[in-house]
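Heads up: the structure comes next, in C-alpha coordinates.
A, B, ... follow the sequence lines: proteins, then strands. Residue 1 opens every chain.
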2 protein chains.
Amino acid sequence: MSASLKLSTAVKAVHCLAQVYPDALSSAEISEMTGINASQLRLILSMLAKAGIIHSKQGAGGGFILNMTPDQINLQQLYCAIETQKAFHLAVNRNHDQIPVNKKINAFFLDLFEAIQRDIESKMETITLSDVIEKVKQ
Amino acid sequence: MSASLKLSTAVKAVHCLAQVYPDALSSAEISEMTGINASQLRLILSMLAKAGIIHSKQGAGGGFILNMTPDQINLQQLYCAIETQKAFHLAVNRNHDQIPVNKKINAFFLDLFEAIQRDIESKMETITLSDVIEKVKQ
DNA sequence: CCTAACTGTTGCAGTGAGTGTAACATTTAT
DNA sequence: ATAAATGTTACACTCACTGCAACAGTTAGG
(Lines give C-alpha, C1' and ligand atoms only; values in the text may rest on other atoms or scores of the structure.)
Protein backbone atom coordinates (compact mmCIF):
# COMPACT_ATOMS: atom_id res chain seq x y z
CA MET A 1 0.00 0.00 0.00
CA SER A 2 1.33 3.46 -0.83
CA ALA A 3 2.16 5.82 2.00
CA SER A 4 -0.62 8.21 1.09
CA LEU A 5 -3.19 5.43 0.86
CA LYS A 6 -2.18 4.06 4.22
CA LEU A 7 -2.36 7.53 5.70
CA SER A 8 -5.89 8.14 4.46
CA THR A 9 -6.92 4.71 5.72
CA ALA A 10 -5.47 5.53 9.13
CA VAL A 11 -7.27 8.85 9.25
CA LYS A 12 -10.60 7.30 8.32
CA ALA A 13 -10.16 4.69 11.04
CA VAL A 14 -9.20 7.09 13.82
CA HIS A 15 -11.99 9.39 12.68
CA CYS A 16 -14.43 6.55 13.39
CA LEU A 17 -12.82 5.96 16.77
CA ALA A 18 -13.16 9.65 17.63
CA GLN A 19 -16.91 9.46 16.96
CA VAL A 20 -17.54 6.79 19.58
CA TYR A 21 -14.89 7.74 22.15
CA PRO A 22 -14.48 6.45 24.84
CA ASP A 23 -16.07 3.29 23.47
CA ALA A 24 -14.19 0.72 21.40
CA LEU A 25 -14.79 -0.36 17.82
CA SER A 26 -13.79 -3.71 16.35
CA SER A 27 -12.09 -3.91 12.98
CA ALA A 28 -15.31 -5.44 11.63
CA GLU A 29 -17.31 -2.41 12.75
CA ILE A 30 -14.85 0.06 11.27
CA SER A 31 -14.89 -1.99 8.08
CA GLU A 32 -18.68 -1.65 8.04
CA MET A 33 -18.45 2.13 8.50
CA THR A 34 -15.66 2.80 6.01
CA GLY A 35 -15.95 0.00 3.45
CA ILE A 36 -12.27 -0.83 4.00
CA ASN A 37 -11.32 -4.49 4.38
CA ALA A 38 -11.08 -5.57 8.03
CA SER A 39 -7.71 -7.30 7.62
CA GLN A 40 -6.25 -4.19 6.07
CA LEU A 41 -7.61 -2.10 8.92
CA ARG A 42 -6.10 -4.42 11.50
CA LEU A 43 -2.70 -4.09 9.80
CA ILE A 44 -2.81 -0.30 10.02
CA LEU A 45 -4.43 -0.18 13.45
CA SER A 46 -1.91 -2.53 15.00
CA MET A 47 0.82 -0.14 13.89
CA LEU A 48 -1.02 2.80 15.42
CA ALA A 49 -1.36 0.79 18.63
CA LYS A 50 2.39 0.12 18.72
CA ALA A 51 2.93 3.86 18.36
CA GLY A 52 0.63 4.46 21.35
CA ILE A 53 -1.89 6.51 19.37
CA ILE A 54 -4.67 4.05 19.99
CA HIS A 55 -5.15 1.20 22.42
CA SER A 56 -6.01 -2.27 21.17
CA LYS A 57 -7.86 -4.77 23.31
CA GLN A 58 -7.59 -8.37 22.20
CA GLY A 59 -10.08 -11.09 22.99
CA ALA A 60 -13.85 -11.14 23.28
CA GLY A 61 -15.40 -7.69 23.57
CA GLY A 62 -12.11 -6.15 22.46
CA GLY A 63 -11.42 -3.60 19.76
CA PHE A 64 -9.64 -0.28 19.34
CA ILE A 65 -9.91 2.87 21.44
CA LEU A 66 -8.38 6.28 20.90
CA ASN A 67 -5.52 6.87 23.31
CA MET A 68 -5.24 10.63 22.81
CA THR A 69 -7.65 13.49 22.21
CA PRO A 70 -8.18 14.45 18.55
CA ASP A 71 -6.21 17.68 18.94
CA GLN A 72 -3.22 15.72 20.25
CA ILE A 73 -3.07 13.54 17.15
CA ASN A 74 -1.45 15.05 14.07
CA LEU A 75 -0.91 13.59 10.61
CA GLN A 76 2.83 13.38 11.11
CA GLN A 77 2.37 11.00 14.04
CA LEU A 78 0.04 8.82 12.01
CA TYR A 79 2.38 8.95 9.07
CA CYS A 80 5.41 7.97 11.19
CA ALA A 81 3.50 5.13 12.75
CA ILE A 82 2.55 3.53 9.45
CA GLU A 83 5.55 4.56 7.39
CA THR A 84 7.38 1.72 5.75
CA GLN A 85 8.43 3.69 2.70
CA LYS A 86 8.82 7.42 2.34
CA ALA A 87 5.92 9.36 0.85
CA PHE A 88 7.95 11.03 -1.87
CA HIS A 89 9.31 7.87 -3.37
CA LEU A 90 12.79 9.06 -4.14
CA ALA A 91 14.49 6.99 -6.74
CA VAL A 92 17.64 7.71 -8.67
CA ASN A 93 19.18 5.30 -11.09
CA ARG A 94 22.01 3.65 -9.13
CA ASN A 95 22.74 1.25 -11.99
CA HIS A 96 25.75 3.23 -13.10
CA ASP A 97 27.03 4.59 -9.84
CA GLN A 98 30.56 3.68 -10.79
CA ILE A 99 30.60 6.67 -13.15
CA PRO A 100 31.82 9.51 -10.89
CA VAL A 101 29.50 12.17 -12.31
CA ASN A 102 26.49 9.92 -11.79
CA LYS A 103 27.50 9.28 -8.23
CA LYS A 104 27.61 13.00 -7.50
CA ILE A 105 24.34 13.77 -9.24
CA ASN A 106 22.65 10.89 -7.47
CA ALA A 107 23.94 12.16 -4.15
CA PHE A 108 22.64 15.60 -5.02
CA PHE A 109 19.16 14.23 -5.67
CA LEU A 110 19.10 12.07 -2.59
CA ASP A 111 19.86 15.19 -0.54
CA LEU A 112 17.16 17.14 -2.33
CA PHE A 113 14.58 14.40 -1.87
CA GLU A 114 15.39 14.13 1.82
CA ALA A 115 14.86 17.86 2.19
CA ILE A 116 11.51 17.57 0.45
CA GLN A 117 10.59 14.69 2.71
CA ARG A 118 11.32 16.86 5.74
CA ASP A 119 9.15 19.63 4.33
CA ILE A 120 6.25 17.26 3.84
CA GLU A 121 6.58 15.92 7.35
CA SER A 122 6.68 19.34 8.96
CA LYS A 123 3.59 20.32 6.99
CA MET A 124 1.74 17.24 8.22
CA GLU A 125 2.74 18.05 11.76
CA THR A 126 0.52 21.12 11.68
CA ILE A 127 -2.65 19.18 10.84
CA THR A 128 -4.50 17.44 13.67
CA LEU A 129 -7.33 14.94 13.74
CA SER A 130 -9.48 17.78 15.11
CA ASP A 131 -8.90 19.67 11.87
CA VAL A 132 -10.06 16.66 9.88
CA ILE A 133 -13.15 16.22 12.04
CA GLU A 134 -13.96 19.89 11.58
CA LYS A 135 -13.63 19.56 7.79
CA VAL A 136 -15.90 16.52 7.73
CA LYS A 137 -18.60 18.37 9.69
CA GLN A 138 -18.73 21.20 7.16
CA MET B 1 9.57 5.59 -15.11
CA SER B 2 8.94 7.42 -11.87
CA ALA B 3 8.98 11.19 -11.89
CA SER B 4 12.11 11.37 -9.76
CA LEU B 5 13.95 8.85 -11.94
CA LYS B 6 13.04 10.75 -15.09
CA LEU B 7 14.16 13.96 -13.47
CA SER B 8 17.57 12.59 -12.53
CA THR B 9 17.94 11.15 -16.02
CA ALA B 10 17.12 14.53 -17.51
CA VAL B 11 19.63 16.29 -15.27
CA LYS B 12 22.40 13.83 -16.14
CA ALA B 13 21.70 14.34 -19.83
CA VAL B 14 21.66 18.14 -19.77
CA HIS B 15 24.72 18.06 -17.56
CA CYS B 16 26.52 16.24 -20.38
CA LEU B 17 25.26 18.76 -22.89
CA ALA B 18 26.50 21.62 -20.75
CA GLN B 19 30.01 20.12 -20.76
CA VAL B 20 30.34 20.26 -24.56
CA TYR B 21 28.29 23.39 -25.28
CA PRO B 22 27.91 24.68 -27.97
CA ASP B 23 28.58 21.33 -29.57
CA ALA B 24 25.94 18.63 -29.98
CA LEU B 25 25.84 15.14 -28.49
CA SER B 26 23.95 12.18 -29.92
CA SER B 27 21.86 9.95 -27.71
CA ALA B 28 24.46 7.23 -28.28
CA GLU B 29 27.22 9.48 -26.94
CA ILE B 30 25.21 10.50 -23.88
CA SER B 31 24.41 6.84 -23.32
CA GLU B 32 28.14 6.13 -23.39
CA MET B 33 28.82 8.88 -20.85
CA THR B 34 26.00 8.11 -18.44
CA GLY B 35 25.32 4.40 -18.91
CA ILE B 36 21.64 5.15 -19.54
CA ASN B 37 19.93 3.37 -22.42
CA ALA B 38 19.90 5.47 -25.60
CA SER B 39 16.20 4.90 -26.32
CA GLN B 40 15.31 6.05 -22.85
CA LEU B 41 17.45 9.14 -23.28
CA ARG B 42 15.75 9.96 -26.57
CA LEU B 43 12.35 9.71 -24.88
CA ILE B 44 13.35 12.20 -22.21
CA LEU B 45 15.35 14.45 -24.52
CA SER B 46 12.56 14.73 -27.07
CA MET B 47 10.32 16.03 -24.28
CA LEU B 48 12.95 18.57 -23.26
CA ALA B 49 13.21 19.63 -26.92
CA LYS B 50 9.44 20.17 -27.12
CA ALA B 51 9.71 22.36 -24.04
CA GLY B 52 12.42 24.41 -25.75
CA ILE B 53 15.08 23.63 -23.16
CA ILE B 54 17.30 21.89 -25.68
CA HIS B 55 17.42 21.81 -29.45
CA SER B 56 17.32 18.51 -31.31
CA LYS B 57 18.80 18.10 -34.76
CA GLN B 58 17.63 15.06 -36.67
CA GLY B 59 19.50 13.36 -39.47
CA ALA B 60 23.15 12.64 -40.02
CA GLY B 61 25.47 14.65 -37.79
CA GLY B 62 22.52 15.60 -35.62
CA GLY B 63 22.11 15.35 -31.87
CA PHE B 64 21.07 17.52 -28.93
CA ILE B 65 22.29 21.00 -27.99
CA LEU B 66 21.51 23.08 -24.93
CA ASN B 67 19.15 25.92 -25.83
CA MET B 68 19.68 27.96 -22.66
CA THR B 69 22.57 28.75 -20.35
CA PRO B 70 22.86 26.49 -17.27
CA ASP B 71 21.73 29.28 -14.95
CA GLN B 72 18.54 29.73 -16.98
CA ILE B 73 17.54 26.08 -16.56
CA ASN B 74 15.95 25.12 -13.25
CA LEU B 75 14.70 21.76 -12.02
CA GLN B 76 11.09 22.86 -12.13
CA GLN B 77 11.34 23.46 -15.89
CA LEU B 78 12.86 20.04 -16.41
CA TYR B 79 10.28 18.47 -14.16
CA CYS B 80 7.39 20.15 -16.00
CA ALA B 81 8.78 19.11 -19.36
CA ILE B 82 8.94 15.42 -18.45
CA GLU B 83 6.04 15.23 -16.02
CA THR B 84 3.42 12.68 -16.88
CA GLN B 85 2.50 11.89 -13.30
CA LYS B 86 2.92 14.01 -10.20
CA ALA B 87 6.01 13.42 -8.07
CA PHE B 88 4.15 12.90 -4.83
CA HIS B 89 1.93 10.14 -6.04
CA LEU B 90 -1.20 11.10 -4.22
CA ALA B 91 -3.64 8.26 -3.89
CA VAL B 92 -6.68 7.98 -1.72
CA ASN B 93 -9.00 5.03 -1.73
CA ARG B 94 -11.94 6.10 -3.91
CA ASN B 95 -13.49 2.63 -3.71
CA HIS B 96 -16.05 3.69 -1.17
CA ASP B 97 -16.65 7.28 -2.15
CA GLN B 98 -20.39 6.82 -1.80
CA ILE B 99 -19.92 6.90 1.98
CA PRO B 100 -20.24 10.64 2.75
CA VAL B 101 -17.50 10.73 5.39
CA ASN B 102 -15.06 9.02 3.03
CA LYS B 103 -15.85 11.51 0.32
CA LYS B 104 -15.01 14.40 2.62
CA ILE B 105 -11.82 12.85 3.96
CA ASN B 106 -10.70 11.99 0.45
CA ALA B 107 -11.32 15.56 -0.66
CA PHE B 108 -9.35 16.77 2.34
CA PHE B 109 -6.36 14.65 1.35
CA LEU B 110 -6.50 15.57 -2.30
CA ASP B 111 -6.29 19.23 -1.26
CA LEU B 112 -3.40 18.50 1.07
CA PHE B 113 -1.49 16.54 -1.56
CA GLU B 114 -1.96 19.31 -4.11
CA ALA B 115 -0.54 21.80 -1.65
CA ILE B 116 2.46 19.55 -1.07
CA GLN B 117 2.92 19.20 -4.81
CA ARG B 118 3.03 22.99 -5.14
CA ASP B 119 5.62 23.19 -2.36
CA ILE B 120 7.83 20.67 -4.11
CA GLU B 121 7.60 22.51 -7.39
CA SER B 122 8.46 25.89 -5.89
CA LYS B 123 11.46 24.32 -4.19
CA MET B 124 12.69 22.87 -7.46
CA GLU B 125 12.30 26.26 -9.10
CA THR B 126 15.14 27.59 -6.95
CA ILE B 127 17.67 25.02 -8.16
CA THR B 128 19.41 25.58 -11.49
CA LEU B 129 21.59 23.42 -13.68
CA SER B 130 24.45 25.71 -12.66
CA ASP B 131 23.94 24.62 -9.06
CA VAL B 132 24.16 20.98 -10.10
CA ILE B 133 27.31 21.60 -12.17
CA GLU B 134 28.86 23.36 -9.17
CA LYS B 135 28.02 20.41 -6.92
CA VAL B 136 29.54 17.93 -9.36
CA LYS B 137 32.80 19.94 -9.51
CA GLN B 138 33.22 19.78 -5.75
C1' DC C 1 -11.68 -24.59 31.20
C1' DC C 2 -14.00 -24.10 27.12
C1' DT C 3 -16.00 -21.40 23.80
C1' DA C 4 -16.65 -17.35 21.23
C1' DA C 5 -14.99 -13.04 19.85
C1' DC C 6 -11.51 -10.48 19.05
C1' DT C 7 -6.54 -8.88 17.36
C1' DG C 8 -2.03 -9.97 15.03
C1' DT C 9 0.39 -11.94 11.19
C1' DT C 10 1.33 -14.55 7.28
C1' DG C 11 0.57 -16.08 2.82
C1' DC C 12 -1.25 -16.15 -1.71
C1' DA C 13 -3.40 -15.45 -6.17
C1' DG C 14 -4.29 -11.95 -9.58
C1' DT C 15 -3.22 -7.96 -11.87
C1' DG C 16 -1.40 -3.97 -13.16
C1' DA C 17 2.30 -0.83 -13.53
C1' DG C 18 7.14 -0.02 -14.33
C1' DT C 19 11.68 -1.43 -16.80
C1' DG C 20 14.62 -2.04 -20.18
C1' DT C 21 15.12 -2.71 -24.83
C1' DA C 22 14.41 -3.50 -29.57
C1' DA C 23 12.48 -2.22 -33.80
C1' DC C 24 10.98 0.74 -37.03
C1' DA C 25 9.33 5.15 -38.98
C1' DT C 26 10.96 9.71 -39.94
C1' DT C 27 14.18 13.21 -40.93
C1' DT C 28 18.39 15.22 -42.78
C1' DA C 29 23.41 15.98 -44.14
C1' DT C 30 26.64 14.63 -47.59
C1' DA D 1 20.92 7.28 -52.49
C1' DT D 2 22.77 6.32 -48.27
C1' DA D 3 24.01 6.61 -43.74
C1' DA D 4 23.26 8.58 -39.43
C1' DA D 5 20.54 10.54 -36.51
C1' DT D 6 15.95 11.44 -33.83
C1' DG D 7 11.01 10.19 -32.67
C1' DT D 8 7.75 6.71 -31.43
C1' DT D 9 5.72 2.42 -30.66
C1' DA D 10 5.54 -2.01 -28.97
C1' DC D 11 6.67 -5.82 -26.27
C1' DA D 12 8.36 -9.18 -23.06
C1' DC D 13 9.47 -9.49 -18.31
C1' DT D 14 9.56 -8.81 -13.80
C1' DC D 15 7.99 -7.37 -9.70
C1' DA D 16 5.63 -4.88 -6.44
C1' DC D 17 1.04 -3.97 -4.91
C1' DT D 18 -3.82 -5.13 -3.85
C1' DG D 19 -7.25 -7.28 -1.76
C1' DC D 20 -8.45 -10.97 0.73
C1' DA D 21 -8.47 -15.22 3.33
C1' DA D 22 -6.82 -18.12 6.74
C1' DC D 23 -5.10 -19.09 10.90
C1' DA D 24 -2.42 -18.36 15.09
C1' DG D 25 -2.53 -15.92 19.39
C1' DT D 26 -5.24 -13.68 23.09
C1' DT D 27 -8.88 -12.69 26.32
C1' DA D 28 -13.60 -12.19 28.47
C1' DG D 29 -17.36 -14.71 30.33
C1' DG D 30 -20.11 -18.49 31.66
> Tell me: CG of B/Leu48 to P of D/dG7, nearest whole Å?
Replying inline: 10 Å
> Rounded to the nearest Å, what distance is computed from the CD1 atom of residue B/Ile54 to the P atom of nucleotide D/dG7?
Replying inline: 8 Å
>> Side-chain N or O of B/Ser39 versus OP1/OP2 of D/dT8: is the shortest distance under 4.0 Å?
In response: no
> From C/dT21, D/dT6, C/dG8, pick the nucleotide closest to the side chain of B/Ser56?
Replying inline: D/dT6
>> By nearest atom, which of the nucleotides D/dG7, C/dA29, D/dG19 is closest to the A/Gln40 side chain?
In response: D/dG19
> Which nucleotide in the set C/dA4, D/dA4, D/dT6 lies at the smallest distance from any side-chain heavy atom of B/Ala60?
Replying inline: D/dA4
> Has B/Lys50 got a side-chain N or O lying under 4.0 Å from the OP1 or OP2 atom of D/dT8?
Replying inline: yes
> What is the distance from CG of A/Leu41 to C1' of D/dG19, rounded to the nearest Å?
Replying inline: 12 Å
> CZ of A/Arg42 versus P of D/dT26: gap in Å, rounded?
Replying inline: 15 Å
> Tell me, do B/Ile116 and A/Ile116 make a side-chain contact under 4.5 Å, heavy atoms counted?
Replying inline: no
> Of all the nucleotides listed (D/dC20, C/dT27, D/dA5), which has the minimum atom distance to the side chain of A/Asn37?
Replying inline: D/dC20
> Looking at A/Ile73, A/Leu17, A/Asn67, which one forms a side chain to side chain contact (heavy atoms under 4.5 Å, CB included) with A/Ile53?
Replying inline: A/Ile73
>> Starting the side chain at C-beta, find the nucleotide from D/dG7, D/dT18, C/dG8 nearest to A/Leu5.
In response: D/dT18
> When we call it a touch if two heavy atoms are under 4.0 Å apart, what does A/Leu45 touch: a base, just sugar-phosphate, or nothing?
Replying inline: nothing
>> Working to the nearest 0.5 angstrom, can you tell me the gap between A/Lys57 NZ and A/Ser26 OG?
In response: 11.5 Å
>> Return whichever of A/Leu43 or A/Gly59 has its heavy-atom-nearest nucleotide of DNA chain D closer to the 5' end.
In response: A/Leu43
> Please give, in whole Å, the distance from C/dT9 P to A/Ile82 CD1?
Replying inline: 16 Å
>> Would the distance check show the side chain of B/Asp119 and the main-chain N or O of A/Ile120 forming a donor-acceptor pair, the cut-off being under 3.5 Å?
In response: no
>> Between B/Thr69 and B/Gln72, do the side chains contain a donor N or O and an acceptor N or O under 3.5 Å apart?
In response: yes
> When the distance from CD1 of A/Ile36 to P of D/dG19 is rounded to whole Å, what number comes out?
Replying inline: 10 Å
>> Counting only side-chain nitrogens and oxygens, does B/Ser27 get under 4.0 Å of the OP1 or OP2 atom of D/dT6?
In response: yes
